[in-house]
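Quick notes on the structure that follows.
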Amino acid sequence: MLLDPHVEDAEALRIKHLLAALDHAARRTDDLQRDLAQHYTAHPFHPLVCGIPGVGDILGAYLLAEIGDRPAERFGSGRSLAAYAGVAPVTWTSGQTVRVAFRRASSVHLRSILHAVAFSMISHSPGAHAYYTLRRSHGDAHATALRKLGRKLVLCLYRCMASGLPYDDAIAFGYDPATQHAPTRPRRAPLDEAQIAQARDMLATPGATVTATAHRLGVSAQTIYRHVLGRPWKR
C-alpha cells in the first residue's frame, strides 16, 4: 500500500539524513579508535598492560588513562591506588557488629574499568579464573569476587609499574605453571560437532533465521555466524 507522494518524499528525505548521520557517526568511531590505539601504544606502560591476559586495546587504554603515567608519584602505594579505584573494602565496626562494604568515595570510572577487566581475565588468565572460583566457593557473590580480583590485579599492576617488572600471571596469583596442579583455563568451543550439525539442519528449514536458531541452542547470533556459517557476524 502506497502513501501520499508528498509523504513518501518527506520520509525519503528523513531517511537520507538519518543515513548521513549514521555514516558520520561510523567515521567518527573509526577515527576515535585509530587515535585511541595510537596514543595507547605510545604510553610508557603499554608493554606492561598489553601483557595482561584479557586486556585489549580499549580496556588497556581506559585503564592507563585513569591510572596515569606516574602512579608512584601520584598514589605512593598500591593500597592507595586500590582505595582510589574503589576496590579496597571499608570495614565498619560498632560494638560486636562488623560490616564490610565497598568504598564509595572513589573513582567511578576506574572501578567500572577494573570490573570489566576482572570479568575478562576470568576467561583468559588461569590464575584469575582459579582465584575467582575460589572466592565463589567461599560464598562471595559474583560482584564481590570480581572486586577482590580487581584489587589483586591493581596491587600487582602498581608493583609492576613502580619496579619496571613485566606482568607474570604465575607471580600475580602465586602458582607454579610447571607443576601438575597448576591452574589452567581451557577454552571450550561454544558448540560441539553435533550442535553445529543441528544448527545447519535448522537453518536449512524454510523460514528459519539465525536469531531463532541461536535462541534455540542457547548461544548468541555471533556464535552461529562464526562457528556454523563460517563468516564474521555483521551487525
Side-chain angles (χ1 to χ4, degrees), residues 22-23 25-26 29-30 32-34 36-37 40-41 49-63 111-150 152-153 156-157 167-170 172-235:
L22 180 61
D23 290 339
T29 301
D30 294 338
L32 179 61
Q33 188 172 1
R34 183 176 59 253
L36 182 145
Y40 174 54
T41 53
V49 176
C50 70
I52 301 176
V55 179
D57 291 344
I58 296 179
L59 284 179
Y62 286 168
L63 191 62
R111 187 173 69 221
S112 176
I113 293 166
L114 283 175
H115 183 92
V117 169
F119 184 79
S120 179
M121 286 185 68
I122 294 174
S123 301
H124 298 83
S125 164
H129 179 259
Y131 181 80
Y132 172 82
T133 304
L134 177 64
R135 297 315 316 167
R136 293 284 284 166
S137 66
H138 286 179
D140 288 348
H142 171 70
T144 303
L146 287 183
R147 176 178 58 78
K148 292 181 178 180
L149 178 57
K152 196 171 185 66
L153 170 65
C156 176
L157 191 59
Y167 174 85
D168 190 311
D169 195 71
F173 293 96
Y175 67 91
D176 186 358
T179 60
Q180 181 181 0
H181 301 288
T184 58
R185 180 53 178 160
R187 300 300 300 275
R188 184 181 65 86
L191 294 174
D192 55 28
E193 295 296 332
Q195 290 174 321
I196 292 176
Q198 179 185 0
R200 288 173 179 169
D201 292 340
M202 294 172 61
L203 291 173
T205 305
T209 63
V210 171
T211 303
T213 303
H215 181 73
R216 179 76 177 275
L217 295 176
V219 296
S220 65
Q222 181 181 6
T223 300
I224 299 297
Y225 275 112
R226 181 176 301 173
H227 297 277
V228 178
L229 300 178
R231 64 175 187 263
W233 182 38
K234 297 182 180 179
R235 291 183 178 272

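We use all heavy atoms of the structure for the numbers below, so side chains are in, but hydrogens, waters and symmetry mates are not. It should be emphasised that the depicted structure is a prediction, and the values quoted were computed from it without experimental measurement.
Under the salt bridge (Lys or Arg N to Asp or Glu O under 4.0 Å) criterion, no residue pair touches residues 212-221, with sequence neighbours excluded. Sorted by first and then second residue, the salt bridge (Lys or Arg N to Asp or Glu O under 4.0 Å) pairs with a member in residues 115-140 read R135-D140, D140-K148; sequence neighbours excluded.
Here the side chain of Q195 pairs a donor or acceptor atom with the backbone of D192 at under 3.5 angstrom. With S120 contributing its side chain and A116 its backbone, the two residues share no donor-acceptor pair below 3.5 Å.
Residues T223 and L217 are not in side-chain contact: their nearest non-hydrogen atoms beyond the backbone lie 4.5 Å or more apart. Contact check for V117 versus Y62: no side-chain heavy atoms found under the 4.5 Å cut-off.
The 12-atom threshold is exceeded at NE2 of H142, counting heavy atoms of other residues, nucleotides or ligands nearer than 6.0 Å. Other residues, nucleotides and ligands contribute more than 12 heavy atoms inside 6.0 Å of the CG atom of L229.
We find the NE2-CG distance between H129 and L134 to be 11.5 Å, quoted to the nearest 0.5 Å. Here the straight-line distance linking atom OG1 of T209 with atom NE2 of H215 works out to 10.5 Å at 0.5 Å rounding. Of the inter-residue distances, the one linking L191 atom CG with I224 atom CD1 reads 5.5 Å to the nearest 0.5 angstrom. Atom CZ of R200 sits about 14.5 Å away from atom OG1 of T205, to the nearest 0.5 Å.
Closest heavy-atom contact between S125 and F173: OG-CE1, 3.9 Å. Annotation for Y175 and A182: closest pair CD1-CB, 4.2 Å, computed over non-hydrogen atoms. Here the closest heavy-atom approach between residue G150 and residue A118 is recorded as N-CB, 4.2 Å. Of all non-hydrogen atoms in L36 and A61, the two that sit nearest each other are CD2-CB, 3.6 Å. In terms of heavy atoms, I196 sits closest to H227 at CD1-O, 3.9 Å. In this structure, L203 and T213 approach most closely via the heavy-atom pair CD2-OG1, 3.3 Å.
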- Task: Dump the intermediate steps for side-chain contact (heavy atoms from CB on, under 4.5 Å) on L63 and L114, then the final yes or no.
- Result: CA-CA 8 Å; L63 191 62; L114 283 175; 3.9 Å; yes
- Message: Pair I122, L146 - check side-chain contact (heavy atoms from CB on, under 4.5 Å), show working.
- Response: CA-CA 9 Å; I122 294 174; L146 287 183; 3.5 Å; yes
- Task: Let me see the working for H115 and R111 under side-chain contact (heavy atoms from CB on, under 4.5 Å), right down to the final yes or no.
- Result: CA-CA 6 Å; H115 183 92; R111 187 173 69 221; 6.0 Å; no
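For Y167, the side-chain hydrogen bond (donor to acceptor under 3.5 Å, both in side chains) test picks out D169, with sequence neighbours left out.
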